[in-house]
Amino acid sequence: MRYSVLVHMTKMARTLQEAAAYIDTAPDGDPQCPALLANGVEMLAQLRAALEQHKTDQLSADPLTHLTAAEALWEEGGDALQGALEAFAQSLPEAVRYRVRAVFFTGLGSTWDAMESVYEFMRDDPRFDPVVVLIPVFRQVQRDGAVQQDTIYQDYLTPLGIPFYEYTQYHIEDDLPDLAFINQPYEGVVLQEHWPETIARYTRLVYLPYFPPFSIFSGSQEALCGLQVYRYAWKVIGASERHYKYYRRHAQNGGSNMLVTGVPKWDPTVQLQMQPAAPPLAWQPALQGKTVFLWNTFYDYSGSSIPYFGAVYQWFQAHPDCALIWRTHPMTDTVTKLYYPAEYYERLRRYIALTDEAPNMVFDREASYDAAFCCSVAQISDLSSMMFQYLLLDKPVLYIETSGRGKVEEEFIIDSCWMDRARSASDITNFLEEICEGQDRNRTLREMVRQRDIPLADGQCGVRVCNQLWQQMHEEDQMSMRDRS
């Protein structure tokens, strides 16, 4: 039985109690009583039909016994009827097997990790019934009087063994799930039926951030507190108490819809410490026996470190004992193609081709960055959440201070003091040299920041999300809750 069906049946029983109490105290000839009596008979019949429909979900005969007693007493009224209705309502959560239907709307493969541990826990927990819907992500630009669009819609779920619905196969207005999860907060890159406002019309919406909040920029208030998802989400999953305090200060609702569990995006990275991801076989000739670095670049070409490609490429050609994995932001190709002159896109494609041809370089096309994380000893990166994910593996990071992300404020959610900094190509190559020499000056700072700023990054964020959502739903619906795990 769906959780929502159980809630509806319980509410019907409560409504019948209220009607019976009114009839018992109403004066003779009250014109509402005949209608209430007739409606009650109909509601009791509906409850019986629901029990019959879900007969296989009944763990005992108690609900049917109490309902039968209420039907026999309905015309008489009195305390015995009230008791039978109360006993029926109380017996439902205990005597009926039910599950919470949850739908996960997922787009880019690189953001699935924000949902992964929540889905996996629900998949294996009898309290939940999860389904996944793969949705397209796109960018549009108007150029020369015409709209140009580039869409990303790739099946990365099948290789993971995850069944899913195509977005054209799933209709939330028909399924009416008990919960819905999204990890993409921006309406402008998904279809309107996947906007927070649309989803929230049909169910409780939960936002699982696809990026863990870290530094505070001049525009962070809008991105972390002011988007529509924060207004329409039933629950927003928070990273830490520091995150919650910032959200409470700036969100329209005063932060009342945030659950502080730690973001599930951390869970897969924490698991890599115990179960490292193996590199794809195609990477091995370029990486085997070498000191491997990860280069992570921002999607906006001019605001990224991609213009340093020449210097980075030359350094690795001069150091054949080292190897590079280059991973771009998943929207880099689309944004460069749509928003930049053609020569920029041609340059990007040429850089990628040179990386593919180099004997000690790999262009990472994997949906997940797990392999790149495990293969590399250090990361050089434009500012992104991947830097802070990497912190969980206790490896050095060089922050390449490009102009793409705006002014960084003094306030932070996760401190960046543990990173080295680069403002030029020579800064980047100097860092590469230092790592090759075994230098790691920020190890103590990394440990301090991990313990102070991300204490909930313990691999159990998804478990806490599921358990707290279960509890919150039952409390709001005034449903008694028995541990069914």
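Salt bridge Arg2/Asp175: present, at least one basic N to carboxylate O contact under 4.0 Å. Remark: Arg421 does not engage Asp427 in a salt bridge, criterion side-chain N to carboxylate O under 4.0 Å. Using a 4.0 Å cut-off between charged nitrogen and carboxylate oxygen, Asp458 and Arg464 count as a salt-bridge pair. Salt-bridge annotation for Arg204 and Asp178: absent, with no side-chain N of the basic residue lying under 4.0 Å from a carboxylate O of the acidic one. A salt bridge links Asp129 with Arg101: at least one charged nitrogen is closer than 4.0 Å to a carboxylate oxygen. Using a 4.0 Å cut-off between charged side-chain N and carboxylate O, Lys245 and Glu411 make no salt bridge. A salt bridge is absent between Asp415 and Arg450; no separation between the charged side-chain nitrogens and carboxylate oxygens falls under 4.0 Å.
A donor-acceptor pair shorter than 3.5 Å cannot be found between the side chains of Tyr390 and Ser381. Of the N and O atoms on the side chains of Gln468 and Gln472, not one donor lies less than 3.5 Å from an acceptor on the other residue. Side-chain atoms of Asp113 and Tyr369 include a donor-acceptor pair closer than 3.5 Å. In this structure, a donor-acceptor pair under 3.5 Å is absent between the side chains of Gln90 and Glu94. For Tyr153 and Glu166, the side-chain atoms include at least one donor-acceptor pair closer than 3.5 Å. For the residue pair Arg423/Thr402, the side-chain donor-acceptor check at 3.5 Å is not satisfied. For the 3.5 Å distance criterion, the side chains of Gln149 and Thr151 qualify, holding a donor opposite an acceptor. Side-chain contact of Asp333 with Thr328: a donor-acceptor pair under 3.5 Å is absent, judged by distance alone. A side-chain donor-acceptor contact under 3.5 Å links Thr158 and Asp155.
Annotation: side chain to side chain contact (heavy atoms under 4.5 Å, CB included) contacts of Asp267 (sequence neighbours excluded): Ser117, Pro264, Cys461.
In this structure, Tyr230 has its ring center under 6.0 Å from that of Tyr247. Taking the six-membered ring for Trp and the full ring otherwise, the centers of Trp112 and Tyr119 sit less than 6.0 Å from each other.
In this pair, His329 and Phe298 present their aromatic rings perpendicular. The plane angle is above 60°, beyond the 30 to 60° band. By the 30° and 60° cut-offs, the orientation of the rings of Trp326 relative to Trp295 is parallel.
The cationic group of Arg127 lies under 6.0 Å from the six-membered ring centre of Trp470 and within 45° of the ring axis, placing it in a cation-pi geometry.
Counted within 6.0 Å of CD on Gln46, heavy atoms from surrounding residues, nucleotides or ligands total more than 12; the atom is thus considered enclosed.
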Without placing hydrogens or testing angles, list every side-chain donor-acceptor pair under 3.5 Å for residues 186-202, not counting sequence neighbours.
{"from": "Trp195", "atom 1": "NE1", "to": "Glu187", "atom 2": "O", "distance (Å)": "2.9"}
{"from": "Trp195", "atom 1": "NE1", "to": "Val190", "atom 2": "O", "distance (Å)": "3.2"}
{"from": "Thr198", "atom 1": "OG1", "to": "Gln192", "atom 2": "O", "distance (Å)": "2.8"}

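In this structure, Ala13 and Phe88 approach most closely via the heavy-atom pair CB-CD2, 3.8 Å.
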